[in-house]
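These notes are about the structure you will find just below.
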Amino acid sequence: MLLFFALGLLIHFVFFASIFDIYFTSPLVHGMTPQFTPLPPPAKRLVLFVADGLRADTLYELDEDGNSRAPFIRNVIMHEGSWGVSHTRVPTESRPGHVALIAGFYEDVSAVAKGWKENPVEFDSLFNESKYTWSWGSPDILPMFAKGASGDHVYTYSYDAQREDFGAHDATKLDTWVFDKVKDFFDAARNNQSLFTKVNEEKVVFFLHLLGIDTNGHAHRPSSREYKDNIKKVDDGVKEIVSIFKHFYGDDGKTAFIFTSDHGMTDWGSHGAGHPSETLTPFVTWGAGIKFPQNVSAQQYDDEFLKEWRLETWKRRDVNQADIAPLMASLIGVPFPLNSVGILPVGYLNNTGLFKAESMFTNAVQILEQFKVKMTQKKEATLPFLFTPFKLLSDSQQLDILRKARSYIKQEKFDEVVSLCEELIDLALRGLSYYHTYDRLFLGINVAVGFVGWMSYTSLLIIKLHSNIPKGTRKEGKKPHYLLLYSFIAIGVLVACFLMIQACPWTYYVYCLLPVPIWYAVLREHEVIQDLVESLLTFPRSHFVAYLLVFTLGIEVLVLSFFYRYMLTAGLIVFAGWPFLTQLWTRAKITFLSWAFFSLLLAVFPLMPVVGRKPNLSLVMGAGFLVLLLSLAVVTTLRKRNIKLVKDELLVLLLQMLSTVVSMYVVYSTHHSLLKKEGLPLMNQIVSWATLASSLVVPLLSSTALSQRLASILLSLMSTYLLLSTGYEALFPLVLSCLMFVWIHVEQETLQQPGVCCKQKLTSIQFTCNTDIVQFRQLYLDDIRRAFFLVFFLLTAFFGTGNIASINSFDLASVYCFLTVFSPFMMGALMMWKILIPFVLVMCAFEAVQITTQLSSKGLFLVVLIISDIMALHFFFLVKDSGSWLDIGTSISHYVIVMSMTIFLVFLNGLAQLLTTKKLQLCAKPKSHLM
């Protein structure tokens, strides 16, 4: 059985990894020829300002007094340049945003494995194509473009990472540092002949990354005074830098300026998902080659922003974020980034029709080159009779469109050239997507076949080892079916040869060959299949249909809870009424009334707002006081039941109560320290990490009696959870634990099966007792309900206080007791542990349920595994690759979450067993009872 679980874990890792091969592979190709406009560019140099985390509405709107927060930028919009909204894509993080801006393509999700910092795949960028690039700003952003650049012409100047502190006194200093360094740079250039010569070259880029707005947004939220004041300081800084450039270059009219943002920010200070506040960013450009402001009487946009911003009469030109890269390349005359999929926004160019047409033609050829390379690669790796080309853009069609465009240029039909090139770009991009997803259906079918095979084999194993289905007559000494074995070996060889001929990656072998041994294992159990069929034929058909409908409805409720959190509320309401519908409540009225009460109380949490809530310290403090009351209730209950507490165990309980008090103080003092902008106190940080480290050790010092150990686990984990809480979610583990404790009592009352021993009192049950193998019973239909309850409670633990399928559901304020300096992996790990704490509480209760119901943990765990796998198969088929980017990202994250949950179940089951059964001794002294 241990081998089975090991193989099951390995298979689930393969299924989990498959989604990254099918949907998350890098779209980049290499081997294209650089393309640039064969006409003199309008600008010699480009200055790119990126205000990290700046929302379009916050920049463009007027304040309460009717004044602009960025008067210089607004003056540019009205008198000097062009403006619009830049539409970003999910994930709205800093690295993908900057890659789209500077390299012209939308980051593949493989970058998340490196915290959106380094290059998982090498790519070309505007900086690489420039003669020289100087950049100032965050150490998280600048190095990735210098690292991928060829030669030594991209220079970076970064501050220390420790400056990125969300608890710092003044985050605007990050931007002030950048502006000061740029001023120092030009002062030095005046006295350094070598540097002076370089900065006066053509095709030069200056990049200023301004992180202060993003930092203040995370720390204080975009509606705060700090965030809005930071915008004013950035505006003043941009004005000063523009003045320096004009003075240094003698106002030669050869400098182009671009001001934009990598992503926006939600009202609650996060980003990463697809809310308009995250995807709509400002885009303002002026200077050499840029069209001047244009007054218009009416504009056609679906939103009401123009009226809100009082910019109705100024021509708005929206762009996709990746379109900015070809615009910048066109302005300074460098080759378009090789991997760019951006479409040149010719409406921004103030140049001749010929220049616009040639630039657009260059853009089309550059994207067409990627299509041709992608097609060639796929054609070479596919058998000729199996290759299906993209029919909308054949070789002859490519030549016809290019010839026609070139002919229009000669005839000076420049508008027709632009339209024709836009049509060619659209076809090339669709073709790129076609070849990028060419193997998706093939791989998806193989993974699905493997999924179904695994679930079938697991079901047969449950029936064979853990059910009471009558066994048919077995012929002893029957020889195995070698024909079946040889048939599957032959199938495996044929599949391997097919993949080898096509030179497929090694991962394809895993996905395509894995179903072969799985289905062989299924068909080997033909006798179990025969017994199952015979048993089903004798089962009342109406009962079978009813059970199947209930099971299917339950699975669909679980799946829908990923999309609609209120489905958890509906499920908990049904749970509350379940004992009354089945007459179970007549056996133990207090137990089932408690079950109904806590089910309904827990049902409130999924209805609470996921995000956007303001920190509520009083609720966190209230949760802490309830923990202390619970501690006193535990002691009082033990005394009433005349249960003796060993001195060490009493000491542990007092230690846990003290830890709760200390956690409450740390949360309170940290909150007020950050409000005063005094940063995170070092002592608070040390205490927080010490509490986290001890939370999994202290419970091992308590008694292994079922009630006492569960209470100890809750008290220890709550100390950490309080440190990670900002509002009402601090109450969630308490209510969940109360329901779990009642669940244990409820399952005792539901035992009616023959062969089950008389129920024991919970106070007399020990987690460490070694249950004799004969005491384990077989699985019954009611055990499927128990497994369903577990999966439902696990999902409630996951989604009860937030939708973790959305990146922006996380509030960075949750980790401020531990650290305030930006660290994506550490912050992510802390927030993940916050999510897993309720998960651990449910798994510990499940351990108790298995003991009290005398149920084999392996059998019940296999049922849970099947339910989780059915959900995973649902989400595998629900994954989207079209529609809005929010829908695509959410559909993929749902599959990743449910597969992660299945894998985590194995590890958390082990953690729950460790927390419930192991016992550490403080000392070897004789025991002394105090109560």
Side-chain angles (χ1 to χ4, degrees), residues 598 602 605 619-631 633-634 649 652-664 666-667 687-704 706-741 743-744 767 793-794 796-798 800-802 804 814-815 817-818 829-848 904-905 907-920:
F598 285 113
L602 192 66
F605 285 92
L619 288 176
V620 181
M621 295 296 108
F625 282 118
L626 287 176
V627 172
L628 294 176
L629 289 175
L630 181 63
S631 306
V634 169
E649 293 169 359
V652 169
L653 187 58
L654 292 174
L655 178 65
Q656 290 174 323
M657 294 176 69
L658 178 63
S659 178
T660 302
V661 173
V662 171
S663 294
M664 292 168 64
V666 168
V667 171
V687 170
S688 297
W689 284 106
T691 303
L692 174 63
S694 63
S695 61
L696 294 177
V697 178
V698 175
L700 305 182
L701 301 171
S702 64
S703 168
T704 54
L706 188 144
S707 301
Q708 290 171 251
R709 179 54 69 92
L710 289 178
S712 180
I713 292 170
L714 171 63
L715 295 177
S716 280
L717 293 180
M718 272 304 298
S719 295
T720 302
Y721 202 85
L722 289 173
L723 294 170
L724 291 167
S725 297
T726 60
Y728 76 86
E729 79 272 22
L731 299 166
F732 179 73
L734 279 173
V735 179
L736 179 66
S737 297
C738 291
L739 181 60
M740 292 299 97
F741 193 72
W743 182 36
I744 298 167
F767 272 115
F793 288 139
L794 288 174
T796 304
F798 259 61
T801 59
I804 68 165
S814 298
V815 302
C817 287
F818 293 87
L830 286 168
M831 288 188 283
M832 185 56 66
W833 179 238
K834 178 183 178 180
I835 292 169
L836 290 180
I837 284 176
F839 207 139
V840 172
L841 294 173
V842 173
M843 290 302 294
C844 290
F846 183 56
E847 283 292 312
F904 269 125
L905 271 176
F907 292 109
L908 288 177
N909 189 49
L911 177 60
Q913 287 183 359
L914 175 69
L915 286 173
T916 54
T917 60
K918 299 301 177 184
K919 170 77 172 173
L920 296 178

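In what follows, every heavy atom counts, from backbone to side chain, and hydrogens, waters and symmetry copies are set aside.
- Looking only at side-chain heavy atoms (C-beta outward), V840 and L908 come within less than 4.5 Å of each other.
- In plain terms, the two heavy atoms of C738 and F598 that are nearest each other are CB-CE2, 3.5 Å.
- Smallest separation of non-hydrogen atoms from L653 and S631: CD2-O, 4.5 Å.
- Without hydrogens or angle criteria, S716 side chain to I713 main chain gives no donor-acceptor distance under 3.5 Å.
- Taking all atoms of both residues into account, the shortest heavy-atom contact from V620 to L722 is O-CD2, 3.6 Å.
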Yes or no on side-chain contact (heavy atoms from CB on, under 4.5 Å) for F732 and T796, after CA distance, side-chain angles and deciding distance? CA-CA 10 Å; F732 179 73; T796 304; 4.3 Å; yes
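- Side-chain contact between M657 and L715: absent, with no pair of heavy atoms (C-beta onward) separated by less than 4.5 Å.
- The minimum heavy-atom distance between E729 and Y721, with the atom names listed, is O-CE2, 3.1 Å.
- At least one side-chain heavy atom of M832 sits less than 4.5 Å from a side-chain heavy atom of L836.
- A search for side-chain contact (heavy atoms from CB on, under 4.5 Å) contacts involving V735 returns L601, L602, F605, not counting sequence neighbours.
- Heavy-atom minimum distance, V627 versus M718: CG2-CE, 3.8 Å.
- Here the options are L692, T691, V662, the test is side chain to side chain contact (heavy atoms under 4.5 Å, CB included), and the partner is L723; only T691 passes.
- At least one donor-acceptor pair closer than 3.5 Å links the side chain of R709 to the backbone N or O of L915.
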CA sep, side-chain torsions, deciding dist, call: I835, M831, side-chain contact (heavy atoms from CB on, under 4.5 Å): CA-CA 6 Å; I835 292 169; M831 288 188 283; 5.7 Å; no
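- With sequence neighbours excluded, the residues that form a side-chain hydrogen bond (donor to acceptor under 3.5 Å, both in side chains) with S712 are Q656, S702.
- Here the closest non-hydrogen pair linking L724 and K834 is O-NZ, 2.8 Å.
- For F839, the ring pair (Phe, Tyr, Trp, His ring centres under 6.0 Å) partners are F798, not counting sequence neighbours.
- In this structure, the side chain of S688 engages the main chain of C817 through a donor-acceptor pair within 3.5 Å.
- W833 is not listed as a side-chain neighbour of V815, based on a closest heavy-atom distance of 4.5 Å or more.
- Under the side-chain contact (heavy atoms from CB on, under 4.5 Å) criterion, L655 pairs with V698, not counting sequence neighbours.
- Residues M740 and L841 have side chains not in contact (no heavy-atom distance under 4.5 Å, counting atoms from C-beta outward).
- Not counting sequence neighbours, K918 has no partner by the salt bridge (charged side-chain N to carboxylate O under 4.0 Å, His left out) test.
- F818 meets the ring pair (Phe, Tyr, Trp, His ring centres under 6.0 Å) test with W689; sequence neighbours excluded.
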Before giving the answer on side-chain contact (heavy atoms from CB on, under 4.5 Å), spell out for F793 and L739 the whole-Å C-alpha distance, their side-chain angles and the decisive distance to 0.1 Å. CA-CA 10 Å; F793 288 139; L739 181 60; 3.7 Å; yes
